Amino acid sequence: MTDETAALQASRKPRIALMGEFSAGKSTLSNLLLGARPLPEKVTATRLAPVWMSYGDTAPYRVTVEGATEPVALERLESIPVQETRVIRLFMECDILELCDLIDFPGISDPNMSSNVWERMLPEVDAVIWCTHATQAWRQSEAAVWDMMPDAVRDFSVLLITRYDKLTTDKDRRRVFQRVRRETDGQFAATFPISLLQALQAGDDYEKWDASGAGPFVTHLIDMIEKLTKVAARTDQPLYNIANGTKIPEPVRATIMPRRVQRVRQDAEPDDDTSDGAVRASS
Ligand SMILES: Nc1nc2c(ncn2[C@@H]2O[C@H](COP(=O)(O)OP(=O)(O)O)[C@@H](O)[C@H]2O)c(=O)[nH]1
Ligand SMILES: [Mg+2]
C-alpha cells in the first residue's frame, strides 16, 4: 500500500456489495476474497440479513431496524431475526478488508424474504459485484433490480458470470458470455466469467487460478478498489446516494483546512456553476 492510499483510507473505505439471485455464489465469492479466514459455515448456508464485513477484531453484532446494536453469536447467526435486522456486522483481519468493506447481500428474489431486507441497505454501498448463474444468466428479475441502480454505482460495478464450470462446451460458454454482454451493454464497468469453486480449489496453483477466471477478475477488482478509495475519500456519501446527472464530488483543494464543507443544493439553476452538487469548501 502506498502512503497516499493509506492516507486516503484513513477517511473511509469503499463499500462493495455482493449481490445477485439466491445461490448465485455471493457467499462463495466472499470466502474467495477473504482467503485463509473463511466465513463461518452459517453465513454461506443460511438466509441472513445483509452481512457487512470490515477489518478488525471487534465482536460481531447486529443493527436492528430501529438502529439499536446488539451482540450476536457467530455460531447462532441463523437465529437472528431477518426482517428486524438491518445489518449483521462481522470483523475479520483479512487482507482484502484492509482495502475495502464487503457487504454480502441476501438473494434479490428470494420468495422467503421481503425485498426491503436488502433494499434498505442499498444507500450504504459504493459499488456492486453482481453474481449471475451461468446456466440461467441475467434473468428478468436481475435486469429489473439493476435498472434502478444509480449511474454512479453502475459505473464502478462488475458482473461475474459464476458457475462457468457448469457450461460444458466452448460454444455454450461463448453464447452465454456474448448474450449477457449484449443484454447488459454499458451497465457494468466489466464482465468476467468465473468458476468460483475452481478458484477456491486452486490454492497456490497459478494455472488453475487463471483457468478458473479468477486472475483477470481479481486484477480488475484491485484497480476498482484503488479508484473507489480515491472517490470515497472525497465524499462521506456512498455512491448509491449520488443522483444521476450529478457529478461525483471533486476533491476539496484547500491548502488550509476549511472551517466547514457544505453540500451545494441540488435544486440550484442548471446553468449555475455550483449546480453540480460538488462538495465545496467555504470559510
Ligand atoms: N460448480 C460451481 N458451484 C458453485 C460456484 N459458485 C458457487 N457454487 C455453489 O453454489 C452454492 C451456492 O453458493 P452461495 O455462495 O452460497 O450462493 P449465494 O446464495 O449467492 O450466497 C454453493 O453450494 C456453492 O458451492 C461455481 O462457480 N461453480
Ligand atoms: Mg449467501
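Read the numbers this way: they start at 1 and go in the same order the structure lists the ligands and their atoms. Throughout, residue positions are numbered sequentially from 1 according to the sequence presented. Both backbone and side-chain heavy atoms feed into the values below; hydrogens, waters and symmetry mates do not. Owing to the predicted nature of the structure, the values given are computational and were not obtained by experimental measurement.
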Chemist: What part of Lys166, side chain from CB on, backbone N/CA/C/O, both or neither, has a heavy atom under 4.0 Å from ligand 1?
Modeler: side chain
Chemist: Are more than 12 heavy atoms from other residues, nucleotides or ligands located less than 6.0 Å from atom CG of Asp210?
Modeler: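 Check passes, neighbour count above 12.
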Chemist: Under 4.0 Å from a heavy atom of Leu196: give me the atoms of ligand 1 that qualify, with their elements.
Modeler: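 Heavy-atom distances to Leu196 below 4.0 Å select 6 (N), 26 (C), 27 (O).
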Chemist: Check contact between Ser23 and ligand 1, using heavy atoms of the residue and a distance below 4.0 angstrom.
Modeler: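 Per 4.0 Å heavy-atom rule, Ser23 contacts ligand 1.
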Chemist: Has ligand 1 got any nitrogen or oxygen that is less than 3.5 angstrom from a nitrogen or oxygen of Leu29?
Modeler: no
Chemist: So, are Asp110 and Arg47 salt-bridged, with charged N and O less than 4.0 Å apart?
Modeler: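 Yes, charged N to carboxylate O under 4.0 Å.
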Chemist: Kindly identify the option in Arg163, Gln198, Lys26 whose heavy atom sits closest to atom 10 (O) of ligand 1.
Modeler: Arg163
Chemist: Should Ser195 be listed as contacting ligand 1, given a heavy-atom distance under 4.0 Å as the test?
Modeler: yes
Chemist: Salt-bridged, Arg174 to Asp170, with N to O below 4.0 Å?
Modeler: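 Here Arg174 does not pair with Asp170 in a salt bridge, since their nearest N and O are not under 4.0 Å apart.
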Chemist: Quick one: does Thr28 get an N or O within less than 3.5 Å of an N or O on ligand 1?
Modeler: yes
Chemist: Same cluster for Val218 and Leu102 if Ile/Leu/Val/Met/Phe/Trp/Tyr side chains link at under 4.5 Å?
Modeler: yes
Chemist: Between Glu183 and Arg139, does any side-chain N to carboxylate O distance fall below 4.0 Å?
Modeler: no
Chemist: Do the side chains of Asp185 and Arg182 get close enough for a salt bridge, i.e. N-O under 4.0 angstrom?
Modeler: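 Answer for the salt bridge query: no.
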Chemist: Between Asp126 and Arg12, does any NZ, NE, NH1 or NH2 come within less than 4.0 Å of an OD or OE carboxylate oxygen?
Modeler: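 Asp126 and Arg12: salt-bridged.
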Chemist: Under 3.5 Å between any N/O of Ala24 and any N/O of ligand 1: does that happen in this structure?
Modeler: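 For ligand 1, there is an N or O atom that lies under 3.5 Å from one belonging to Ala24.
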Chemist: Purely on distance, is any nitrogen or oxygen of Thr162 under 3.5 Å from one on ligand 1?
Modeler: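 No: no nitrogen or oxygen of Thr162 is under 3.5 Å from one in ligand 1.
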Chemist: N/O/S of Ser27 less than 2.8 Å from the Mg ion (ligand 2)?
Modeler: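 Looking at Ser27, which is the residue asked about, there is an N, O or S atom under 2.8 Å from the Mg ion (ligand 2).
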Chemist: More than 12 heavy atoms of other residues, nucleotides or ligands under 6.0 Å from CD of Gln140: yes or no?
Modeler: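 No, the 6.0 Å shell around CD holds no more than 12 heavy atoms from other groups.
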Chemist: If we only count N/O pairs under 3.5 Å, is Tyr164 in contact with ligand 1?
Modeler: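 No: no nitrogen or oxygen of Tyr164 is under 3.5 Å from one in ligand 1.
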